[in-house]
4 protein chains.
Amino acid sequence: MTRRSGGKRERLTDAAARVLHEQGVEKTTLADIARAADVPVGNVYYYFKTKDDLVEAAIGTHGDALRSTLAALDELPTPPDRLKGLVRGWVDQRELAARYGCPTGTLATELDKRADGLDRKIAAHMRALVDWAERQFDAMGRDDARELAVALIAAYQGISVLTNTFREPELMAVEGRRLQRWIDSL
Amino acid sequence: MTRRSGGKRERLTDAAARVLHEQGVEKTTLADIARAADVPVGNVYYYFKTKDDLVEAAIGTHGDALRSTLAALDELPTPPDRLKGLVRGWVDQRELAARYGCPTGTLATELDKRADGLDRKIAAHMRALVDWAERQFDAMGRDDARELAVALIAAYQGISVLTNTFREPELMAVEGRRLQRWIDSL
Amino acid sequence: MTRRSGGKRERLTDAAARVLHEQGVEKTTLADIARAADVPVGNVYYYFKTKDDLVEAAIGTHGDALRSTLAALDELPTPPDRLKGLVRGWVDQRELAARYGCPTGTLATELDKRADGLDRKIAAHMRALVDWAERQFDAMGRDDARELAVALIAAYQGISVLTNTFREPELMAVEGRRLQRWIDSL
Amino acid sequence: MTRRSGGKRERLTDAAARVLHEQGVEKTTLADIARAADVPVGNVYYYFKTKDDLVEAAIGTHGDALRSTLAALDELPTPPDRLKGLVRGWVDQRELAARYGCPTGTLATELDKRADGLDRKIAAHMRALVDWAERQFDAMGRDDARELAVALIAAYQGISVLTNTFREPELMAVEGRRLQRWIDSL
DNA sequence: AATGAATGAGATTTCATTCAT
DNA sequence: CATGAATGAAATCTCATTCAT
């Protein structure tokens, strides 16, 4: 709710969300984020008590983005439309995935090495995504909705890893087509 | 290849391979690795010029493990046997994956944030794996061998991410059965 | 002496006096004091140019308290009554002393490490206390009034240190009885 | 037991003991201590994991000094001799007390504001001193040995505070004579 | 007068790397 | 070859003080 003074807090979380995705949590310094947000380093601590607090806020930003993406998809008429819309979004982002991977996936992978609560925060977002997909498959009358949902999200996470590792956006496009056909076949 | 002095070099690379997988590259200090290998810190630099050199050696160790796994699978009679053997290996490692993810995948994800050559080293191992799978599908007479290979490895990487994020080894087991059926269906 | 604006200045000095006693000068931040006084941090500087100015005001508050204590004792009929009244006051405060020590003594001890004038301010209060005791002993006809006064105040400061160090309020009570007997014996 | 490389660790604890006494714990930076010991700041952390660890070591140094002082006094023939020897030592140190107070007392006063274990460490030294004095009074056949011991140490702590506050070493000398007479009178 | 926000200097701490023996 | 010790650059974090409104 704090929106005074040019939305500096928001600028910081946005910059953090982007930079942490690009550089990873451990490699990114507060100075990196402060610079990207054009805020003096010392000032960051006015808004966030620790670096982890800022990381948490950035995770929240990614979660917000995910939520609004899913909300937009919910406007589509049928469950298969929605699922295919999700896949289309992934394909649209393939250049970013090739360079930095899926934000949720790479953050989850990095944070899972730690035992603080941050890993649970990002896991919650991943779970929200799987849950959403499950609801779509369920609406399509599938008994194995959960398994299908896991398979879909896993397919995306997996191809993100390969797309990123091989720096080949085209891989995402190919897999996207495969997933579209698969959804249609259900 | 040097095997002098009580295999200290090997102890270091082995320890590095394990600890880097468990803790991640950035969170792991040289001291962590030295301790795990029971080698004095100062001594590490006799064997490795920099930390990155040691990371590279650890990547090599993971590559060796992968190569010998594939070599063992090559002993199996038919390509589907080999592919299903690969999947079985993944399922067998599901507890490790739940705790730390796939070594190759998590290392690739972390190193891809950097642009210093190490990311290309780990990418090479990932490529070797895809190539091997492609050869199997090719031997099965599939025209779309490359695409199938990518899909298989992506499925594994993806379920590794979810297994790790949710700390649920069972996800890997379920996906393993799905992949087995899929291979049989080809 | 300014009493405008809801006595904010007074609230600040009172809070400072208390918090500085409890936490010590160096460990206490301006924010701590502002919070305790329920005054916005930025506002403190309207009343006090620097942190040291506020510390000085807090010292003044302790001095005021001391002065009014002595003024009240001056109402008692005889010098021994007054001295024993002083001792009784110390014993009454023993729980506070056990937790945080004598305010004057602990502040003096901490400020004496500095050479910036504040140490002289607190020394003045300590001197006022010794002077008052000297006047009582003098009125009792003692030639060694100064020496006795120093001994009395030192006894209190010393037992405050021990009471605080050992967290044993009872020490103060025992020493109080000893001092009462001693005063009676003069 | 580590005594290599020019006893740098010892140099650090000695410097810390001195500088912390002179400047107080909170006002003293690691850089201050490192400079006094002629050791690079970064190197301090090779010997002490945190600043508090170094403070603890410095407290230990003060404790060692106290112990050896008492051990030397134990060589004196009679308990009164020993107690008066203790007092003589205090008087001999009066210039230091006038400038910085009693090391044990001022450290105890400052550390008692904190709730970590360091306050208990310094309290232990203070207790050792009281215990030693109690043993002497006990050996003199006094039933009230504990109370006398507390009174003696309190007298010293108290006069240290005044000597320091007023910057008057002579106060310690006067009180020393008073305590000598008092011991003789028992 | 009042105050949320801003700032920068400085403190603690970490760690890859180097050095002396 | 081996190794405990050393080093300095850089990162996180704190806080008195100032600023803009």
Side-chain angles (χ1 to χ4, degrees), chain A residues 2-9 12 26-34 38-55, chain B residues 2 4-6 8-9 25-34 38-55, chain C residues 2 4-6 8-9 25-34 38-55, chain D residues 2-9 12 26-34 38-55:
Chain A
T2 13
R3 217 40 74 88
R4 323 134 265 192
S5 59
K8 223 184 252 191
R9 187 193 176 88
L12 274 168
E26 301 297 338
K27 281 285 272 192
T28 299
T29 70
L30 271 191
D32 289 337
I33 298 172
D38 196 30
V39 163
V41 206
N43 196 7
V44 174
Y45 285 88
Y46 181 76
Y47 297 98
F48 301 97
K49 246 197 345 278
T50 64
K51 184 187 175 184
D52 273 8
D53 277 1
L54 181 47
V55 173
Chain B
T2 24
R4 318 138 274 179
S5 57
K8 246 189 229 183
R9 185 193 176 87
V25 176
E26 300 297 337
K27 284 282 274 189
T28 300
T29 69
L30 266 197
D32 288 337
I33 299 172
D38 198 28
V39 165
V41 211
N43 200 4
V44 173
Y45 283 84
Y46 178 74
Y47 298 97
F48 301 95
K49 220 163 51 246
T50 66
K51 183 188 177 185
D52 273 6
D53 278 2
L54 181 47
V55 173
Chain C
T2 25
R4 317 138 277 179
S5 58
K8 248 189 224 182
R9 185 193 176 86
V25 176
E26 300 298 336
K27 284 282 272 189
T28 299
T29 70
L30 265 198
D32 288 338
I33 298 172
D38 197 29
V39 165
V41 211
N43 200 4
V44 174
Y45 282 85
Y46 178 73
Y47 298 98
F48 300 96
K49 223 165 46 245
T50 66
K51 183 186 177 185
D52 274 8
D53 278 0
L54 181 48
V55 173
Chain D
T2 14
R3 220 38 77 89
R4 324 134 266 193
S5 61
K8 222 184 253 192
R9 187 194 177 87
L12 275 169
E26 301 297 338
K27 283 284 272 190
T28 298
T29 71
L30 270 191
D32 289 337
I33 298 172
D38 197 29
V39 164
V41 205
N43 196 9
V44 173
Y45 285 86
Y46 181 75
Y47 296 97
F48 301 95
K49 244 193 351 274
T50 65
K51 184 187 175 185
D52 272 9
D53 276 4
L54 181 48
V55 172

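Chain identifiers are assigned alphabetically (A, B, ...) following the order of the sequence lines, protein sequences preceding nucleic acid strands; residue numbering begins at 1 within each chain. Hydrogens, waters and symmetry mates play no part in the numbers below; they use all other heavy atoms, side chains included. Source: prediction; values computed, not measured.
- For the pair D:Tyr46 and D:Arg9, the minimum side-chain heavy-atom distance is 4.5 Å or more.
- Nearest approach of B:Ala34 to B:Pro40, heavy atoms of both residues: CB-C, 4.5 Å.
- Rounded to a whole Å, the CZ atom of C:Phe48 is 20 Å from the P atom of F:dC15.
- Nucleotide E:dT13 holds its P atom 9 Å from the CG atom of D:Asp53, rounded to whole Å.
- Atom C1' of nucleotide E:dA2 and atom CZ of C:Arg9 are separated by 16 Å, given to the nearest angstrom.
- If you take CD1 of A:Ile33 and C1' of F:dC13, they are 14 Å apart, rounded to a whole angstrom.
- Comparing D:Val44 and C:Thr29, the nucleotide of DNA chain F nearest to each residue sits closer to the 5' end for D:Val44.
- The shortest distance between side-chain heavy atoms of A:Val44 and A:Ile33 does not fall below 4.5 Å.
- Taking the nucleotide of DNA chain F with the nearest heavy atom to each of A:Asp52 and D:Pro40, the more 5' of the two is matched to D:Pro40.
- Smallest separation of non-hydrogen atoms from A:Asp32 and A:Thr28: OD2-CA, 3.7 Å.
- Residue whose closest nucleotide on DNA chain E sits further toward the 5' end, between D:Thr50 and B:Ala31: D:Thr50.
- Shown here for D:Leu54 and D:Phe48, the closest heavy-atom pair between the two residues is CD1-CE1, 3.6 Å.
- Residue B:Tyr46 has a polar side-chain atom (N or O) positioned under 4.0 Å from OP1 or OP2 of F:dC1.
- Between the CG atom of D:Asp32 and the P atom of E:dA11 there is a distance of 7 Å, given to the nearest Å.
- Remark: P of F:dC15 and CG of C:Leu54 are 16 Å apart, rounded to the nearest angstrom.
- Note: CG (B:Asn43) to P (E:dC19) measures 17 Å, nearest angstrom.
- In this structure, F:dA10 and E:dT13 make a Watson-Crick or G-U wobble pair, each of the two defining distances being under 3.5 angstrom.
- Residue A:Lys8 has its side chain nearest to E:dT7 when only E:dT7, F:dT14, E:dT13 are considered.
- Comparing F:dC13, E:dT12, F:dA2 against the side chain of D:Lys51 picks out E:dT12 as the nearest.
- Nucleotide E:dG10 holds its P atom 13 Å from the NZ atom of D:Lys27, rounded to whole Å.
- Nucleic acid contact class of A:Leu30 (heavy atoms, under 4.0 Å, all strands): sugar-phosphate only.
- The shortest distance between the side-chain N/O atoms of A:Tyr45 and the OP1/OP2 oxygens of F:dC13 is below 4.0 Å.
- The partner of E:dA1 cannot be assigned: no Watson-Crick or G-U wobble pair with both contacts below 3.5 Å exists in any strand.
- Look at B:Tyr47 and you'll find a side-chain N or O under 4.0 angstrom from OP1 or OP2 of F:dA2.
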